Structures are given as structure tokens and as C-alpha cells.
Asks: 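Have a look at the structure that comes next, please.
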Amino acid sequence: MVDKPVRTRFAPSPTGSIHIGGMRQALFSWLYARRHGGQFILRIEDTDQERFIEGSLNLIYEAFDWFDLDIDEGPRQGGEFGSYVQSERLELYQQWANWLLENGHAYKAFETPQELAQIREEREKMGKAGYDGRARNLTTDEIAQFEAEGRKPVLRFKMPREGKTRTSDMIRGITEFDNSQLNDPVILKSDGFPTYHLAHVIDDHFMEISHITRGVEWLPSLPLHWNIFEAFGWEKPIFAHLPLIMDDKGQKLSKRKTIEGGKSDVPVIVHDFIDAGYLPEAVTNFITNIGWNFGDNQEIFSREEAMKRFDLTDINKANAAYPIEKLESINQYYIQAMETSKLANLLKPVFEDAGYTVDIALMEQVVPIINTRLKKLKEAPNIAGFLFADWAKFEAPPAEWMIHKKSTAAESVTILQRVIELIESLEDFSPTAQYDAFKALAGEMGISNSVLFTPLRISVTGKRVHPPIFETLEILGKDEAIRRIKLAIDQLQKIVSN
RNA sequence: GGUCCGUUCGUCUAGCGGUCUAGGACACCACCCUCUCAAGGUGGAGACACGGGUUCAAACCCCGUACGGACUGCCA
């Protein structure tokens, strides 16, 4: 066990983009493999033909690319244990299912779905659950007769009826299950496809997986998998059942359910995060902090730092609510910490999508004045779009906006006239020089800074909320600034003359 | 219903018998800074589910209770 190379896997079903809980499992598995110099494998579990969604493989790879998680073996990178798509391994499953049948660990059953539903209903009245194993005793004649009728059998695994199954898990330790409580599950469906139970045991064995990481929802079926491994006589991998991320109702967060109650913008699948303008490093940091922590009270850390400390045994046992508010602040932190040119390049397409034409040099000027104001990239055009819009089309804002509550329209006009004169006279138009000059002007006029700045900033930006005014003025330049202020004066004049 | 898992501030968590008058982060509140909005700074409020044990000593160990969750499918 000590010498066995670490090989972990992520095994999603192709049902669309990856759910954030699944992505966290993938990340943890990846982290563990990388920490131990092992391999990380991607396997597609498409044994349920009904849930298959076209194009899922692309979405799954896009998700891994976005997070920059490299995959050692998988459908696209291949590997010596392929295929990595279960529907391409049918023969293998059938072969080993047969082996179980021949060795007395499995049996054929012919019940129809309706009959099964009835059995379940009857057993429920008796306080029991599931299939009762009645087909265990079918005679060869009975089997032959069912087959003559054209009924296609399923294969069910013969669970031990007595004693206990003692399982162990890296996170949860030893758990004992009473075998009398367990039923005989279908391992091979009538269409010849295996169920998850059989398929993953065979794959994890032949792909030489050392550690199976999956959600706790699998814990109840662990004894089943345990017994299948034993029936085959194969060495079991180490299991680690990860806690779940819950939704706002305390239920398992699922992509099959949508989050309701005005919170529909809560991202759940990886592509939601991409679309919303979160940064992959922030999302990585965010999900790594759910159920695991870096220690030393440090919450912001890179994936590489996490890798050095990560261990599956340190993962919490308890499920976690989805702390989505925290992502906003982590994302904000990463945006703020990012280099100007890098952020500018990320922001360019965001502005373009919003309909603006972007000059990258201008963007690099804008980035430093908006980077502390962004929680997500998508918010940027709202804040700074006006700088990229066609300046010639600028329209003065409503006059009321430009009048400070302790001031009047007439006074605002006077202020703006003085401001124009000042701007024209300024040789140094840098933000600090402007600030000094405007402050001096306010003093000279005997008014507070805010009384002076309110008409200035709103007349120039056309908005009530905007980036810092001096930097904005510098970007706009003297001429444009003056032009806008004159437009504003015209607006204000209308009120004054009334 | 049955089986299994879990339970520290609103939330994510630290804690692995004494260092706990329980630490950090997000959110919240107040103040400072301030040209709007942010950012930043300072401070505040806020938790060991409950009851029994064990022990000189329990958030940490044991047992019950309560609550929550998962599973109970020819889905994974």
C-alpha cells in the first residue's frame, strides 16, 4: 500500500457541464495525486444511456482547461488502461459479470419494472426495502422458461446475508454494516450495460486506481462495492468519501435542481462561473476552503501552496452549506491583486461583449482606477463603460444630479465656470496636481470640497457612481472635460432661468 | 419506516484532554479615511445542539436524546 503509486480519478457522467461539488472532488483528487507525484485520471461514466447529453465531453474538458488542471489519462489523452469511456468497455464488464455468475456471486433475475415496484411496495409495508432476492432460487428450468418467453434478465450480485461488512474510509474511519440489511443490487442491466456498482469496481481495479474519492452519497453502497471487490478477490483501493455541498434549503446541491427564490444567479455549474466573470484561481481557492483549510488562519493561497499541505485525511466530515458570498470577496481580492496588463487583457473581451470598442492602452489606464471596485469581471463595463463609449455622443446628466444638497443651481453654474478656468490654466494635469488645485479653489470660494466636487464629477462622468474623478479627467483630457462641463452648465442654466 | 453519516459564531472554518475568558475569514454594525462608489484602517456584536458519564481537568473521549443530511432505482 505504501509503495503503490498514487492514482486518483474523477469519473463524471456526461450530463452537461461539471457541477461545482463535482469539481471540488476533482480538485481534491488532483491535489492529492500531484502532492504524491501520482497520476490523475478522467473517466467518463456513460452507462446510463438515458441521461446522456450531447457535447458533455467538450464541456468537461473546457472546465478542466479553465481551472488549468492537467489530466494524465483520459478520453482525449489516452493511456495504457483505456478506453476511458465506459460505453467502450462493455465487453470487459460483461466478461467479469459472467465470471461472477459462473462463480456463484451473481444470478439472473427476470422481474419487470412493474413487478419490482410491487415487490418494493409489499416489502415497505413490512418495514423492509428493496428487492428480496427471490430470483436466487430460480431453477434452471424456470430460467429457461423465462428466456423462452423472451424476457431479458438482469444480473444481480449476491450479497452475503449474514454477518457484517466492515469498511474503512480515510475520512470516516471504520464503519460496520449489517449484511442482513443489504439487498442484491443489479450489476448488469437487461440492455447489457453495467450499473455504476459493477463498472466502477472493474475500472478502478484495472485502471489501478489507488484512492477512490467520491461524495458521501456513496457511503451507503460502500459495503456493496466492498463485497464485489472481495468476490473478485481484488485488492481494494483506499476510499475517501467527501462531504457534500448543500443548497440554501439544506439539500444536496444539484445541477438537476435550480436554485429558486430570487437567487437564480447563484452559480452551480462550472460554466456559470466562467460566464459570470469569476477568475479560475479565485474559484479554486474558494472551493478548496470548503471542507478543507490551509491552516495558519490563511484563507488566500495558491493551488501550488495548497498542494504542499493537502491531505485527504484532513477533510471535514460534515457537509457544508454553499458559502457563495465568500466567493465574491475572494474574487475581488484576486482581481485587485492582479497585474494591470493581465487584468486589462481579461477585461477587453468583457467590454467588447458589452458593445464597446476597446483600445488596450486606454484599458491599461482604466484598470488601476476600477480594480478595487470589481467583484466580478462582468461588472466592469457598468462602472467604466462610459470611458470607452463614443465621447462625441456624450449627453449631460440631469441637472438635479449635479447640485449638491447644500448648494443651488446658480452656485453650481458658478462653480463649474470657475472649474473651467482652472482646468484651462493648469499646466500639470496629473491627478495629484488637480486635487491640490481644486482643493485650493474650494478654499478660495469658501465652500467644502464636496460642494465643489459634486457638480464636477457628475458633469464629467454623467453618472452618480463612477471611478475617481481626477484620474477620469486625466484620461478624458482637458478639452473633453471642458466640453462636458459646458454641456452641464447649459443644463443647469435652464433651471436657473426658470 | 429502515440503514448509514453528521452537528463549533448567520455562513465557511481553527481546535485533535489542560495553551479556550474558543482563534481566523465572509457577511453585519460603528468609527476613521474620503470627490461618488469601492478599497483600506480601527473597533464591535456573534458559536462549542442538549443531557448524562469517564477524568484532577472535556469543544475535544464514551453513552443517550434532539435536529439535519444521504441512501433505500435495470440513475450515478
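Quick caveat, the model's predicted, so the values are computed rather than measured. Atom set for the values below is all heavy atoms of this structure, side chains included, hydrogens, waters and symmetry mates excluded. All chains are named by letter (A, B, ...) in the order of the sequence lines, taking the proteins before the strands, and each is independently numbered beginning at 1.
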Asks: Could you please name the partner base of B:A39, counting Watson-Crick and G-U wobble pairs only when both distances are under 3.5 Å?
Replies: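 WC or wobble partner does not exist here.
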
Asks: Who is the Watson-Crick or G-U wobble partner of B:A27, with both distances under 3.5 Å?
Replies: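 By the stated definition (distances under 3.5 Å), nothing pairs with B:A27.
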
Asks: Could you tell me the separation between the NZ atom of A:K376 and the P atom of B:A38, rounded to a whole number of Å?
Replies: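 Distance check: A:K376 NZ to B:A38 P gives 16 Å.
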
Asks: On a whole-Å scale, what distance lies between the P atoms belonging to B:U36 and B:A47?
Replies: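 To the nearest whole Å, 36 Å.
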
Asks: Could you give the CG-to-P distance, from A:L253 to B:A70, as a whole number of Å?
Replies: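 One finds 11 Å between P of B:A70 and CG of A:L253, rounded.
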
Asks: According to a strict under-4.0 Å criterion, is A:Q251 in side-chain N/O contact with OP1 or OP2 of B:G69?
Replies: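 So the side-chain polar atoms of A:Q251 do come within 4.0 Å of the phosphate oxygens OP1 or OP2 of B:G69, strictly under.
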
Asks: Rounded to whole angstrom, note down the P distance from B:C50 over to B:C9.
Replies: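 Straight-line distance between the two P atoms is 10 Å.
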
Asks: Looking at A:D184 and A:R136, does any basic side-chain N land under 4.0 Å from a carboxylate oxygen?
Replies: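 Judged by the 4.0 Å cut-off on N to carboxylate O distance, A:D184 and A:R136 do form a salt bridge.
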
Asks: Using the P atom on both, measure B:C4 against B:U8 and round to a whole Å.
Replies: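 Roughly 22 Å separates the two P atoms.
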
Asks: Check the distance between B:G24's P and A:F294's CZ and give it to me in whole angstrom.
Replies: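 Computing the A:F294:CZ to B:G24:P distance gives 19 Å.
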
Asks: With the threshold set at 4.0 Å, does a side-chain nitrogen-carboxylate oxygen contact exist between A:D296 and A:R309?
Replies: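 Salt bridge between A:D296 and A:R309, a charged N being under 4.0 Å from a carboxylate O: yes.
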
Asks: Measuring only the C1' atom in each nucleotide, how far is B:C5 from B:U19? A whole number of Å is fine.
Replies: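 It works out to 33 Å between them.
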
Asks: Select one nucleotide: of B:A27, B:A76, B:C74, the one nearest the side-chain heavy atoms of A:D48.
Replies: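 Nucleotide nearest to A:D48's side chain: B:A76.
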
Asks: Might you confirm whether atom NZ of A:K317 has over 12 heavy atoms from other residues, nucleotides or ligands at distances under 6.0 Å?
Replies: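 Atom NZ in A:K317 is not packed in, count stays at 12 or less.
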
Asks: How far does the P atom of B:G10 sit from the matching atom of B:G64, given to the nearest Å?
Replies: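 Straight-line distance between the two P atoms is 28 Å.
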
Asks: Check this for me: does any side-chain nitrogen of one of A:D132 and A:R134 sit under 4.0 Å from a carboxylate oxygen of the other?
Replies: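 Judged by the 4.0 Å cut-off on N to carboxylate O distance, A:D132 and A:R134 do form a salt bridge.
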
Asks: For B:C31 and B:A22, measure between their C1' atoms and round to the nearest Å.
Replies: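 Approximately 27 Å lies between the C1' atom of B:C31 and that of B:A22.
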
Asks: Is there side-chain contact between A:T372 and A:Q332, with at least one heavy-atom pair below 4.5 Å?
Replies: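 A side-chain contact is absent here, since even the closest heavy-atom pair is not under 4.5 Å.
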
Asks: Rounded to whole angstrom units, what separation is found between the CG atom of A:L327 and the C1' atom of B:C26?
Replies: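 The distance from CG of A:L327 to C1' of B:C26 comes to 11 Å, rounded to the nearest Å.
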
Asks: Output side-chain donor-acceptor pairs under 3.5 Å for residues 117-125 of chain A, partner residues at least two apart or in another chain, one line each.
Replies:
| from | atom 1 | to | atom 2 | distance (Å) |
| --- | --- | --- | --- | --- |
| A:R123 | NH1 | A:A129 | O | 2.9 |
| A:R123 | NH1 | A:G130 | O | 3.1 |
| A:R123 | NH1 | A:Y131 | O | 3.3 |

Asks: Work out how far the C1' atom of B:G46 is from that of B:A25, and round it to whole angstrom.
Replies: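 After rounding to an integer number of Å, I get 14 Å for this pair.
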
Asks: Any strand counts, and the cut-off is 3.5 Å on both contacts for Watson-Crick or G-U wobble. Which nucleotide pairs with B:C33?
Replies: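 Paired with B:C33, as far as the under-3.5 Å criterion goes, is no nucleotide at all.
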
Asks: Write down the partner of B:A22 under the Watson-Crick or G-U wobble criteria, each distance required to be under 3.5 Å.
Replies: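 Checking every strand shown, B:A22 finds no partner, since no pair has both distances under 3.5 Å.
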
Asks: With a 3.5 Å limit on both atom pairs, tell me what B:G6 is paired to, counting Watson-Crick and G-U wobble, or say none.
Replies: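 Answer to the pairing question: B:C67, which forms a Watson-Crick or G-U pair with B:G6.
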
Asks: Does atom NZ of A:K128 have more than 12 heavy-atom neighbours, drawn from other residues, nucleotides or ligands, at distances under 6.0 Å?
Replies: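 Counting other residues, nucleotides and ligands, NZ of A:K128 stays at 12 neighbours or fewer.
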
Asks: In whole Å, I'd like the distance from the CG atom of A:N331 to the P atom of B:A39.
Replies: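 Value for this atom pair: 14 Å.
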
Asks: So, does the side chain of A:T372 form a donor-acceptor pair with the base of B:A38 at under 3.5 Å?
Replies: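 Checked by distance alone, the answer is yes.
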
Asks: Return a single string for nucleotides 1-14 of chain B, one symbol per nucleotide in 5' to 3' order, where B is base contact, S is sugar-phosphate-only contact and - is none, cutoff 4.0 angstrom on heavy atoms.
Replies: BSSSSSS---SBSS

Asks: Please check: side-chain N/O of A:S407 versus main-chain N/O of A:I403, any donor-acceptor pairing under 3.5 Å?
Replies: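 Side chain of A:S407 to backbone of A:I403, a donor-acceptor pair under 3.5 Å: no, none is there.
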
Asks: Report, one pair per line, the protein and nucleotides 34-37 of chain B atoms (nitrogen or oxygen only) whose separation is under 3.5 Å.
Replies:
| from | atom 1 | to | atom 2 | distance (Å) |
| --- | --- | --- | --- | --- |
| B:C35 | O2' | A:R457 | NE | 2.8 |
| B:C35 | N3 | A:I469 | N | 3.4 |
| B:U36 | O4' | A:R457 | NE | 3.3 |
| B:U36 | O4' | A:R457 | NH1 | 3.1 |
| B:U36 | O4' | A:R457 | NH2 | 3.0 |
| B:U36 | O2' | A:R464 | O | 3.2 |
| B:U36 | O2 | A:H466 | N | 2.9 |
| B:U36 | O2 | A:H466 | O | 3.1 |
| B:U36 | N3 | A:H466 | O | 2.7 |
| B:U36 | O4 | A:P468 | N | 3.3 |
| B:C37 | O2 | A:R373 | NH1 | 2.9 |
| B:C37 | N3 | A:R373 | NH1 | 2.3 |

Asks: Using atom P of each nucleotide, how far apart are B:C71 and B:U65 to the nearest Å?
Replies: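 That atom pair is separated by 24 Å.
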
Asks: Are more than 12 heavy atoms from other residues, nucleotides or ligands located less than 6.0 Å from atom CZ of A:R166?
Replies: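 Incorrect, the count does not exceed 12.
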
Asks: Could you tell me whether A:K326 and A:E328 make a salt bridge, using a distance below 4.0 angstrom between a side-chain N and a carboxylate O?
Replies: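 Salt bridge: no.
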
Asks: Below 4.0 angstrom, N of the basic side chain to O of the carboxylate: do A:D203 and A:R43 qualify?
Replies: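 Judged by the 4.0 Å cut-off on N to carboxylate O distance, A:D203 and A:R43 do form a salt bridge.
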
Asks: Does B:C75 pair with anything, Watson-Crick or G-U wobble, both distances under 3.5 Å, and if so, with which nucleotide?
Replies: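 None - no nucleotide pairs with B:C75, as no candidate has both distances under 3.5 Å.
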
